[in-house]
Amino acid sequence: MIVGFNAEMPVVTAVEVDVRWQQAVAAGMRVGHVQVDWVDFEPRPNEFDETALREVLEPLSDDGLAIFLTFHSLAEESNTFALPADLAGRPFDDPEVLARY
């Protein structure tokens with residue numbers, strides 16, 4: 001299961017999402033899917049924000065779920081690459097981009 005997202009999610013929606021999540025776990029859900037944006041995980045070259053990763057992984061682990069993790073490298077709004085600042089503007093097949101990804 002992957003939960004949709006809304007940057008300005010109303011509290012009532014967030015509560016309902018939590019209720020539905022727990023219902024899915026109780027009904028036998030065993031895998032949770034989370035997405036981490038590469039630019040958030042690696043804010044500076046070869047420096048990783050483990051807190052950002054733990055924040056999305058720990059709730060799944062706490063629920064006893066297997067984790068399906070996706071590192072996202074596209075900007076949702078424009079369908080363009082969303083790479084760490086020092087790699088911005090390079091094509092995805094650039095050797096340094098590939099090595100870091």
Side-chain angles (χ1 to χ4, degrees):
M1 177 175 182
I2 184 169
V3 176
F5 57 92
N6 181 343
E8 301 295 326
M9 186 183 305
V11 172
V12 67
T13 303
V15 169
E16 187 64 22
V17 166
D18 290 341
V19 167
R20 299 292 184 204
W21 182 270
Q22 291 309 315
Q23 288 174 339
V25 170
M29 180 174 71
R30 297 291 173 249
V31 177
H33 180 199
V34 293
Q35 176 177 300
V36 176
D37 290 341
W38 184 6
V39 296
D40 294 334
F41 181 64
E42 188 181 0
R44 286 169 297 289
N46 298 308
E47 289 185 26
F48 305 102
D49 183 353
E50 292 180 20
T51 301
L53 189 56
R54 286 187 183 147
E55 284 177 0
V56 297
L57 296 181
E58 284 177 357
L60 300 180
S61 180
D62 291 347
D63 284 335
L65 300 175
I67 297 168
F68 174 42
L69 174 65
T70 302
F71 276 104
H72 196 242
S73 58
L74 290 176
E76 293 292 330
E77 317 79 46
S78 61
N79 257 355
T80 59
F81 294 118
L83 306 177
D86 66 302
L87 299 176
R90 296 182 188 209
F92 201 76
D93 62 353
D94 178 280
E96 188 172 350
V97 172
L98 291 174
R100 289 250 301 274
Y101 189 73

Side chain proximity check, [X] to [Y], heavy atoms < 4.5 angstrom:
{"X": "L53", "Y": "F48", "answer": "no"}
{"X": "Q35", "Y": "L69", "answer": "no"}
{"X": "L65", "Y": "V31", "answer": "no"}
{"X": "L60", "Y": "F68", "answer": "no"}
{"X": "E42", "Y": "E47", "answer": "no"}
{"X": "V36", "Y": "V56", "answer": "yes"}
{"X": "F41", "Y": "T51", "answer": "no"}

Atom of V34, atom of I67 and distance for their closest heavy-atom approach: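 Nearest pair, atom of V34 first, then I67: CG2-CG2, 4.3 Å.
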State, to 0.1 Å, how close V97 and F92 come at their nearest heavy-atom pair, and which atoms those are.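 Shortest heavy-atom separation between V97 and F92 comes out as CG1-O, 3.5 Å.
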Distance check, rounded to the nearest 0.5 Å: [X] atom [atom1] versus [Y] atom [atom2]?
{"X": "H72", "Y": "D40", "atom1": "NE2", "atom2": "CG", "result": "11.0 Å"}
{"X": "T13", "Y": "R20", "atom1": "OG1", "atom2": "CZ", "result": "12.0 Å"}
{"X": "E55", "Y": "E50", "atom1": "CD", "atom2": "CD", "result": "12.5 Å"}
{"X": "T70", "Y": "D37", "atom1": "OG1", "atom2": "CG", "result": "10.5 Å"}

Salt bridge or not between D49 and R44? Use side-chain N to carboxylate O under 4.0 Å.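 No salt bridge links D49 with R44.
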Taking it one step at a time, do Q22 and D63 satisfy side-chain contact (heavy atoms from CB on, under 4.5 Å)? CA-CA 9 Å; Q22 291 309 315; D63 284 335; 3.6 Å; yes
List the steps and the verdict of salt bridge (charged side-chain N to carboxylate O under 4.0 Å, His left out) for R100 and D86. CA-CA 11 Å; R100 289 250 301 274; D86 66 302; 2.9 Å; yes
Apply side-chain contact (heavy atoms from CB on, under 4.5 Å) to L87 and W38, showing your working. CA-CA 11 Å; L87 299 176; W38 184 6; 3.9 Å; yes
Donor-acceptor pair, side chain of Y101 and main chain of F71, under 3.5 angstrom: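 Yes, because the side chain of Y101 sits within donor-acceptor range (under 3.5 Å) of the backbone of F71.
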